Q: 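I have a structure here, written as structure tokens, and I will follow up with some questions on it.
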Amino acid sequence: MIKAFPKDCRLHLSKFDFNTFGLPKTQQLKQLLSKRFDYFINLNIEGRLPLNSIAGLTNATCRIGYPVEKSIPFYDVLIGNPHSGGLVAYIDDLKHYLQKIG
């Protein structure tokens with residue numbers, strides 16, 4: 001894992017942070033998963049296992065993801081239409097519904 005840059009607070013994960021089964025492998029990733037978050041929003045619309053694994057293991061109050069069949073068990077809320085629109089439409093839907101929440 002590449003550490004967060006002080007100004008943008010982003011974490012950059014790589015395949016080396018996960019084991020063969022898509023579960024967290026590095027101590028840095030395990031520490032991230034132990035932190036409390038209000039929302040976890042996964043922007044991956046392909047349903048990749050490592051990203052779903054993070055969603056399932058994170059300590060977030062609400063996990064938001066894209067509705068592809070293999071992702072359903074990992075999220076509390078699914079937003080978007082997998083039959084049309086792609087990533088741009090998904091982001092527009094996220095903005096719309098998250099603004100309604102406040």
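No experiment lies behind these values; they were computed from the predicted model shown.
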Q: Check for me, please, whether Ile101 and Leu43 land in the same ILVMFWY cluster - side-chain distances under 4.5 Å, paths through other members count.
A: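 Yes, same cluster.
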
Q: Within the side chain of Thr58, is there an N or O that forms a donor-acceptor pair under 3.5 Å with the backbone of Ala55?
A: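 It does not hold such a pair.
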
Q: Give, for atom OG of Ser53 and atom CG of Asn19, the distance between the pair rounded to the nearest 0.5 Å.
A: 8.0 Å

Q: Quick one: do Val68 and Leu78 satisfy side-chain contact (heavy atoms from CB on, under 4.5 Å)? Show the steps, please.
A: CA-CA 9 Å; Val68 289; Leu78 296 171; over 6 Å; no

Q: Between Tyr75 and Asn52, do the side chains contain a donor N or O and an acceptor N or O under 3.5 Å apart?
A: yes

Q: Take Thr61 and Phe40 through the test side-chain contact (heavy atoms from CB on, under 4.5 Å) and record every step on the way to the result.
A: CA-CA 8 Å; Thr61 303; Phe40 175 86; over 6 Å; no

Q: Test Ile54 against Asn42 for side-chain contact (heavy atoms from CB on, under 4.5 Å), laying out the working first.
A: CA-CA 9 Å; Ile54 291 174; Asn42 187 352; over 6 Å; no

Q: Report the distance from atom CG of Leu32 to atom CD of Gln27, rounding to the nearest 0.5 Å.
A: 11.5 Å

Q: Does atom OH of Tyr97 have more than 12 heavy-atom neighbours, drawn from other residues, nucleotides or ligands, at distances under 6.0 Å?
A: no

Q: Can you measure from NE2 (His96) to CG (Asp92) and round to the nearest 0.5 angstrom?
A: 10.5 Å

Q: Taking the side chain as every heavy atom from C-beta outward, state whether Asn59 and Arg36 have any atom pair closer than 4.5 Å.
A: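 Yes, close enough: below the 4.5 Å cut-off.
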
Q: Rounded to the nearest 0.5 Å, how far does NZ of Lys15 lie from CZ of Arg48?
A: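 It comes to 12.0 Å.
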
Q: Give a yes or no on whether the backbone of Arg63 and the side-chain of Asp76 come within a donor-acceptor separation of less than 3.5 Å.
A: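 Yes: the side chain of Asp76 pairs with the backbone of Arg63.
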
Q: Can you see which heavy atom on Leu57 is nearest to which on Pro24, and at what distance?
A: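 In terms of heavy atoms, the two residues are closest at CD1-CD, 3.4 Å.
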
Q: Can you give me the closest heavy-atom contact between Pro67 and Gly80, atom names plus distance?
A: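 Closest approach of Pro67 to Gly80, heavy atoms only: CG-O, 3.3 Å.
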
Q: Applying side-chain contact (heavy atoms from CB on, under 4.5 Å), run through Tyr66 and Ile79 and close with a yes or a no.
A: CA-CA 6 Å; Tyr66 193 72; Ile79 295 176; over 6 Å; no

Q: Phe74, Tyr90: one ILVMFWY side-chain cluster at the under-4.5 Å cut-off?
A: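 They do not share one cluster, since no chain of ILVMFWY contacts under 4.5 Å joins Phe74 to Tyr90.
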
Q: Among Val77, Ile41, Asp38, find the one that has a side-chain contact (heavy atoms from CB on, under 4.5 Å) with Cys62.
A: Val77

Q: How many angstroms lie between CG in Leu87 and CD1 in Ile45, if you round to the nearest 0.5 Å?
A: 5.0 Å

Q: Could you grab the distance from atom NZ of Lys100 to atom NZ of Lys95, nearest 0.5 Å is fine?
A: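 If we round to the nearest 0.5 Å, Lys100:NZ and Lys95:NZ are 15.5 Å apart.
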
